[in-house]
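When a ligand or atom number is given, it counts from 1 through the structure's own listing order.
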Amino acid sequence: MTTFRAPRGTHDLLPADRIRFTRLERLAADLATRYGYRPIETPSFEQAAVFERGIGAVTDVVEKELFRIAPRTEESESWALRPEPTAGIVRAYVQHGMQTWPQPVKLTMTGPMFRYDRPQAGRYRQFWQFDVEAIGDPGPAVDAEIVELGARFYREAGLDGVEVLLNSVGDAACRSAYVATLTEYYRALRGLLPPTEQDRLERNPLRLLDSKDPAMAAPNARAPRITDHLCEACADHFALVRAHLDALSVPYLIEPALVRGLDYYTRTAFEYYLPGREGQQQALGGGGRYDGLVELLGGRPTPGIGFGIGLDRLVLALDETGVAPPAEPVPAAVVVGADPAATIDRLRVATDLRAAGIAARAELGRRKLGKQLEAAARDQAHFAVILGDEQADGQVQLRDLKAGSQKLIPIADLAREVARADAAHRHGLDKG
Ligand code: AMP
């Protein structure tokens, strides 16, 4: 008999995980709203060219990790699952003429991303990202605002100690001269470079800088630094981003090797990481400015900046640092009854409670009252509504399972009574 499993590199979010993710998604949405971002939702797949052109053909994300969808015979298009949200959002910006909206257009989205990578701890083929994009503002103030927003997200999620790595990767004016200097530097060391890096050297030399290959540690340590080769405009921009971050008291470390994996970045590049975590899992999120991307995807030249924060790695980090997951919701009331067969009565009473906005479970099995009450206690319900002979007089027993008290009340008052007592109880819990 075949046993089916979730695809390699994916993970099911079971209820405890899903509740945690939902909480983070809500926090992300609330926080982005507080900062003036509006929600957007783009498809989970796009024309592959959106990513090939936007992200760059010679990047790991496109070359090795793009999750391509096998074309159906009647389709001439080639599709791919989105490896990151920015290219799709910028495609939407151009398609819907958002260039005519008041600028900047600030957009946020949280959802699953897909990369056909070799799965390992903290690296999945489907993972979630909280993303913000501010399109149409050249910065530098908005750069600092975004970096600060991400840092606050981690704190409000309960993760302390997240650090910001910051760099400038220059722009079209100064990057090519820097890349030429860098290429020259690596060519002189060619014999020392691992074969994959030699190959990359000719195609995308910047990528050598953030190579994970240990053999690259020494050459990279002495490599020319982009921050020493910025043109005046980029150097000024970088200085102003730092001044704004300083003014907001957001700590950061300058990391000249931080070039990020995607081609479209210009000027500001940043990453959030937790010191002490291993390799791949260390980067919790990252982002940067992409002043050329709108044009690459067919729009007028328009600056933009954004970040993608991985929720899966954040949850792993929260677990590692011992942050307790949020409690699962419990029903306010469980409807039980003396007559095991009277499922219609129990279901009807629970339905009325639910219609009144109360989380209620009905005992739909046909077990004895004692067993029903045991299950209600296991549910950690606040109340058991006990249906019995008193129903003939329009009354039910309301047992407070927390206080151990019980009283007879009219069925007509049940919803109000449960709502009032449960709200008072929760209020007490919040205070405690
Ligand atoms: P990147 O655009 O590669 O810098 O990704 C931004 C963030 O998304 C990373 O810092 C991770 O938190 C998360 N992320 C990227 N790729 C993966 C993956 N394969 N599995 C889990 N999380 C990922």
Chemist: Counting only nitrogen or oxygen atoms and a 3.5 angstrom limit, does F127 reach ligand 1?
Modeler: no
Chemist: Using a strict cut-off of 4.0 Å, indicate which atoms of ligand 1 neighbour a heavy atom of G308.
Modeler: 6 (C), 7 (C)
Chemist: For R123, counting its heavy atoms only, list the atoms of ligand 1 lying under 4.0 Å from any of them.
Modeler: 18 (C), 19 (N), 20 (N)
Chemist: What do the steps show when you test R361 against E363 for salt bridge (Lys or Arg N to Asp or Glu O under 4.0 Å), and what is the final call?
Modeler: CA-CA 7 Å; R361 180 175 74 77; E363 175 61 55; 3.7 Å; yes
Chemist: Do F130 and F307 have ring centroids that are under 6.0 Å from one another?
Modeler: yes
Chemist: For Y252 together with F270, are the ring centres under 6.0 Å from each other?
Modeler: no
Chemist: From atom 5 (O) of ligand 1, work out which of E271, Q129, M113 has a heavy atom at the shortest distance.
Modeler: Q129
Chemist: Is it the case that R125 places NZ or CZ above or below the six-membered ring of Y116, under 6.0 angstrom from the centre and within 45 degrees of the axis?
Modeler: yes
Chemist: Heavy-atom contact check, 4.0 Å cutoff: does L284 meet ligand 1?
Modeler: yes
Chemist: Pick, from Y116, Y124, Y273, the option with the minimum heavy-atom distance to atom 19 (N) of ligand 1.
Modeler: Y124
Chemist: Using modelled atom types and a 3.5 Å cut-off, is there a donor and acceptor pairing between side-chain atoms of R38 and backbone atoms of A32?
Modeler: no
Chemist: List every atom of ligand 1 that sits less than 4.0 Å from any heavy atom of A283, numbering the atoms from 1 in the order shown and giving each element.
Modeler: 9 (C), 10 (O), 11 (C), 12 (O)
Chemist: Tell me whether the guanidinium CZ or amine NZ of R242 lies under 6.0 angstrom from the six-membered ring centre of F238 and within 45° of its axis.
Modeler: yes
Chemist: Under 4.0 Å from a heavy atom of G122: which atoms of ligand 1 are those, numbered in the order shown and with their elements?
Modeler: 20 (N), 21 (C), 22 (N)
Chemist: Any salt bridge between R18 and E25, counting N to O under 4.0 Å?
Modeler: yes
Chemist: Under a heavy-atom criterion of less than 4.0 Å, does E84 contact ligand 1?
Modeler: no
